[in-house]
Every structure is written in C-alpha cells, then in structure tokens.
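Read through the structure below, which is laid out as structure tokens, and then see the notes.
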Amino acid sequence: MKYIDYSILQRLLVHRGKMDFPALVYRELGLVYSSLSSVEQAHALEQIHSNGSLLEEIKEKEMQAIFEIETDMISILARMEEIGVRVDAKKLTSIGKEIVQKMTHIEAEIFSNVGEVFNLNSPKQIQYILFEKLGIKPLKKNKTGYSVDTEVLEEIAKSHDIARSILEYRLLAKLNSTYIIGLSKAIQKETSTIHTTYESLGTSTGRLSSNDPNLQNIPTGDGYAEEIKSCFIPRKGNILMVADYSQIELRILALLSQDPHLLEAFENGEDIHERTARFLFPNEKTISQDQRRIAKMVNFGVIYGITGFGLAKTLGCSPWEAGRYVDAFYEKYSRVGEYYDDLVKKGEEDSYVSTLFGRRRYISSLTDANKTLRAAARREAINMPVQGTAADILKFAMREIAKEIKQQNLKGSMILQVHDELVFDIPKNEQETFQEIVRDIMEHIFDTVKDKIQTQNLFLKGEKPQFPPILVDIGVGENWAKAK
DNA sequence: CGAGGAGCGA
DNA sequence: ACGTCGCTCCTCGA
C-alpha cells in the first residue's frame with residue numbers, strides 16, 4: 001500500500017500559491033519540514049493547528065469554513081485513496097493488444113505511403129514529413145517550428161489522407177501509453193486495485209487534483225474510451241454508483257450573478273443551451289441541433305471569459321460571427337456582465353477574488369500595465385469563483401456523505417471524485433440507501449452550508465439572493481462506463 | 001532531468 | 001493575444 005502523505009496543510013489556504021506547508025513550518029517553527037520524521041511532521045502539523053496567530057489570520061480573513069472543510073478533507077481523501085478502485089487488469093491488457101495491433105497496421109500503412117520509416121511520436125519528424133518531404137503548407141506555428149497538433153492535422157486531412165492516419169495513430173498511442181500501460185502499472189497485484197493520490201490544495205481554484213495515476217482524466221465516450229472505462233469495476237458482490245452534478249458551473253454562475261434569465265431557466269427546468277440558442281437566434285422559429293451546439297459552446301465559453309476570437313476557433317466560424325454570439329449572450333444575460341465587472345473591480349482593489357464560501361485566489365495582474373497579462377488575469381478572476389464554488393460545494397457534500405456513511409454504518413464506500421462527480425463502490429443491498437442519501441445531500445448542499453455563505457461575494461443590489469435548483473444525475477452499473 | 005509538444009478529463 | 005483548471009506521455013537535447 002502506498003503511503004498517504006497528507007502533510008496536509010501542505011499548502012495552507014491562507015497563503016496558497018505563495019507558501020507551502022513546509023515553508024509554513026519553517027516560518028512558524030523554524031524547522032525544516034522534510035528533515036522531520038513522519039511522527040515529527042504530524043506533531044509540527046498539530047502545532048500549526050494550535051498556532052494562535054495563524055488561527056487569528058484565518059479568522060480575520062473569514063476563512064474558517066474553508067479551513068475546516070480542508071481539514072476534514074484530509075481523512076476523507078485518505079480513506080478514498082486507501083480503499084482504491086478495482087480494475088479488470090486482464091480486460092485492460094486485452095484491449096491494449098487490440099489497440100497495438102491497430103497502431104501497427106496504421107503505422108505500416110503510413111510508412112509505405114510515405115516511402116520512409118520515421119517516429120510517429122515525434123512532432124518534429126512529422127513536421128519534416130508533412131511540410132518538407134510532402135510540401136504541404138504549414139498552418140500554424142509554435143515555439144519551435146510548425147505545429148502538427150489536432151487542429152492542424154484536421155485541416156490537412158481534408159486534402160491528405162496521411163493526416164487522418166496520423167490522427168488515428170495519435171489517438172491510439174495516447175490511449176495505449178497513458179491508459180493501458182500507465183494504468184496497468186498502477187494496479188496493485190494482490191488486490192487488483194488502483195490507489196490514486198488526491199491533492200486538495202493543489203489548484204488555484206480549490207478543485208482537487210489527482211495524480212499517480214490521474215483518475216480524473218479517464219477517457220469518456222464511445223469506442224476504446226468506453227472500453228477502458230469499463231475496466232473500472234466494483235468489488236465482488238458490489239456495484240458502482242456514479243452521482244454527478246448537472247451543469248453545476250452554469251447554475252453557480254446563475255447564483256453568483258443573480259441573472260434573472262439564467263435563474264428562471266433553471267427554476268423552470270428548461271434546457272439552458274436551448275434557451276441561450278433562442279437568445280442567439282431570435283428570428284428562428286425552431287432551434288436546430290447545430291444552433292444548440294453553438295449556444296452550448298457560448299454558455300461554457302462565458303464561464304472561461306471567452307472572446308470572440310477564442311470562440312471562433314472552437315466553433316470554426318468567423319471571429320465576427322462569434323463576436324456577435326458573445327455580444328448577444330451578454331445583451332440577454334446582462335447581469336452576468338455586471339457581475340463580472342463588479343467582481344473584477346473588487347479584485348483590482350483587493351488583489352484577490354473569492355468563492356461564495358470565502359476561498360481566495362490572489363491575482364495581482366488585474367492592474368498590470370501589460371494588456372495581455374491583464375486580460376489573462378481577468379479571465380482567471382472571472383472563472384475562479386464559479387469553478388471554486390463548485391469545488392467548495394462538492395467538498396462540503398463529500399463531508400456530509402462521509403459522515404452519513406459512518407453514522408449508518410454502511411459497507412459501501414465513496415471511492416473517486418472527478419470535479420462534479422462522485423463514484424461509489426457499494427453492496428447491491430445498499431443501492432437504494434446510497435441513492436437516497438447521496439442525492440439528498442448533493443442536491444440540498446446549499447441548505448446544509450447556508451451559514452457558511454458569504455453573501456457579500458454575490459454583489460447583491462438590495463435584494464435577497466435566489467438559489468437555483470441543483471440537480472444530480474445518478475447511475476448504477478457493473479462498471480464505470482455503465483454506471484455513467 | 002527538464003522543456004516543449006501533444007492530448008486526456010471537468 | 002486570442003477560453004479556465006489539471007496530469008501524463010513522448011521526444012530531444014543538455
């Protein structure tokens with residue numbers, strides 16, 4: 001079993017990004033953290049916890065709720081890591097064999113067409129083949145030369161079959177190296193389980209991260225991706241249950257901005273992308289699939305502080321057209337734009353932005369003289385409260401769920417977290433119980449943590465905040481693919 | 001061993 | 001200049 005090092009307060013929230021836990025130990029206790037034994041490290045941790053000036057600082061910054069949830073996450077995540085997830089190693093291997101076979105085939109085909117053997121994993125060699133040997137026109141540059149990324153190859157594929165073949169090879173190579181080989185190496189032989197490591201304070205927004213191996217980027221979708229996901233299985237006699245928040249970030253944007261149209265759409269249980277599509281295409285009687293697709297991209301893009309240019313790239317339309325969509329969005333959901341302006345203005349004054357529960361991200365470049373840096377800082381500022389509040393509530397929900405599992409002495413376990421999704425490995429006879437508990441806690445989490453909400457981060461203009469309904473989709477199955 | 005390119009997820 | 005947050009794989013050159 002892997003050692004679980006939650007030297008937790010590894011990075012104390014108060015200074016995250018600027019000071020890590022070892023540095024904090026040094027500052028507060030004058031000790032070099034890494035030179036301490038694990039017992040001594042734990043002791044140092046206790047001292048930090050009982051350190052008056054630190055607690056004072058947390059209180060002054062109104063970060064008690066964040067401090068408490070982060071403290072509670074330590075044991076919750078440690079438990080999830082320790083339990084791990086069961087994986088069908090044989091199936092993974094057999095999928096791998098299929099993939100390798102296909103790769104070999106594509107590889108041979110490419111080499112024979114080009115009349116040369118080269119390394120398909122080397123962007124530099126692909127550059128040579130495409131742009132020098134075959135004389136294809138390069139489309140995009142990067143630091144070291146001409147780009148051969150997916151976007152470029154997709155364009156070239158319209159006229160040259162080799163680009164399509166390279167894309168196919170790349171896809172398979174990624175799946176094989178990262179997921180077949182990578183995950184196989186991580187399987188504990190005795191138990192057929194994989195034990196990731198979570199970092200609770202490893203991101204600038206408050207999200208978790210997962211590493212060694214990363215179980216937060218397992219492929220989704222059809223084909224081999226689905227095959228790979230189906231290798232994640234429950235323990236004997238159990239089933240997997242997946243609970244994921246539906247459009248959580250857009251709902252949080254509705255809450256933070258208090259935009260009446262967003263709130264109303266969610267309140268009425270409308271299809272939010274369709275609603276946006278009606279705003280973007282006011283003259284259309286009915287909304288086509290493509291129009292809905294565009295609206296969906298716009299909705300997500302707004303959360304990231306998108307520009308017309310950026311949207312044009314992902315949409316594959318002209319910047320002018322994309323700009324019109326962005327403008328139309330802010331025209332209709334006008335409180336979103338006002339909220340962003342309020343947020344950034346306060347961010348400029350404070351040099352940080354906050355989630356609804358007081359988690360902070362320090363951003364200094366909001367007032368930088370460099371326009372590009374300033375724009376980047378603005379996007380970070382805009383995204384953080386949305387992404388961070390979503391992270392906060394899932395952490396709160398995890399705490400409530402862990403508490404309930406313990407109280408009811410349930411045999412099932414929470415085993416994975418993927419930003420808006422929780423995965424459980426549970427006995428079949430606990431299925432109903434888990435479904436009820438998890439849905440109830442996740443959907444009503446704002447009620448549960450009401451007293452921790454900092455309404456000043458809503459920039460309310462007099463009125464009381466309206467909370468959008470929060471919905472959770474729950475699925476159950478004999479593997480991760482089927483439970484989704 | 002680290003930088004750069006590329007690609008997987010929310 | 002060009003949409004946020006992550007992690008891992010590979011190549012290539014120090």
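A note on names: the letters A, B, ... follow the listed sequences, proteins ahead of strands, and every chain is numbered from 1. Only this structure's heavy atoms are used, side chains among them; waters, hydrogens and symmetry mates stay out. Just so it is clear, the structure is predicted and the values come from calculations on it, not from any experiment.
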Quick one: is [X] getting a side-chain N or O under 4.0 Å of the [N] phosphate, OP1 or OP2?
X	N	value
Arg207(A)	dC5(C)	no
Ser147(A)	dA6(B)	yes
Ser122(A)	dC12(C)	yes
Asn142(A)	dA6(B)	yes
Gln125(A)	dC12(C)	yes
Thr220(A)	dG9(B)	yes
Thr144(A)	dG4(B)	no
Asn217(A)	dC7(C)	no
Thr150(A)	dG7(B)	yes

Could you check whether [X] gets within reach of a base, just the sugar-phosphate, or nothing at all, counting any heavy atom under 4.0 Å?
X	result
Arg378(A)	nothing
Val386(A)	nothing
Ile303(A)	nothing
Lys143(A)	sugar-phosphate
Ile181(A)	nothing
Gly301(A)	base
Glu421(A)	nothing
Lys124(A)	sugar-phosphate
Glu249(A)	nothing

Identify which nucleotide among [options] has an atom closest to any side-chain atom of [X], counting heavy atoms from C-beta outward.
X	options	answer
Asn383(A)	dT4(C), dT11(C), dA6(B)	dT4(C)
Val418(A)	dT8(C), dA10(B), dC5(C)	dA10(B)
Asp420(A)	dG7(B), dC9(C), dA10(B)	dA10(B)
Pro219(A)	dG5(B), dG9(B), dC10(C)	dG9(B)
Ser177(A)	dA10(B), dC9(C), dG7(B)	dC9(C)
Thr372(A)	dT11(C), dA1(C), dT4(C)	dA1(C)
Asn214(A)	dG6(C), dA10(B), dC5(C)	dG6(C)
Arg361(A)	dC7(C), dG5(B), dC5(C)	dC5(C)

Whole-Å P distance, dC2(C) and dA6(B) | 15 Å

Which atoms form the tightest heavy-atom contact between Val242(A) and Val423(A), and what is the distance?
-> CG2-CG2, 4.1 Å

Identified side-chain hydrogen bond (donor to acceptor under 3.5 Å, both in side chains) counterpart of Thr205(A) within the set Glu380(A), Arg359(A), Arg361(A), Gln387(A) = Gln387(A)

What integer distance in Å separates [X]:[atom1] from [N]:[atom2]?
X	N	atom1	atom2	value
Glu199(A)	dT8(C)	CD	P	10 Å
Asn119(A)	dG13(C)	CG	P	12 Å
Ile306(A)	dT4(C)	CD1	P	10 Å
Lys185(A)	dC9(C)	NZ	P	7 Å
Leu172(A)	dC9(C)	CG	C1'	15 Å
Leu208(A)	dC7(C)	CG	C1'	14 Å
Gln127(A)	dG5(B)	CD	P	9 Å
Asp149(A)	dC8(B)	CG	P	11 Å

Beyond-backbone contact of [X] with [Y], side-chain heavy atoms, under 4.5 angstrom:
X	Y	answer
Val87(A)	Leu92(A)	yes
Tyr304(A)	Arg379(A)	no
Glu274(A)	Gln291(A)	no

Per ring-ring contact (aromatic ring centres under 6.0 Å, His included), Phe279(A) is matched among Tyr333(A), Tyr330(A), Tyr325(A) by Tyr333(A)

Donor-acceptor pair present, Gln387(A) side chain and dT4(C) base, under 3.5 Å | yes

Salt bridge Lys484(A)-Glu421(A), side-chain N to carboxylate O under 4.0 Å = yes

Nearest-nucleotide 5' precedence on DNA chain C, His419(A) against Phe309(A) = Phe309(A)

Is it true that Phe396(A) and Phe357(A) have ring centroids separated by less than 6.0 Å?
-> yes

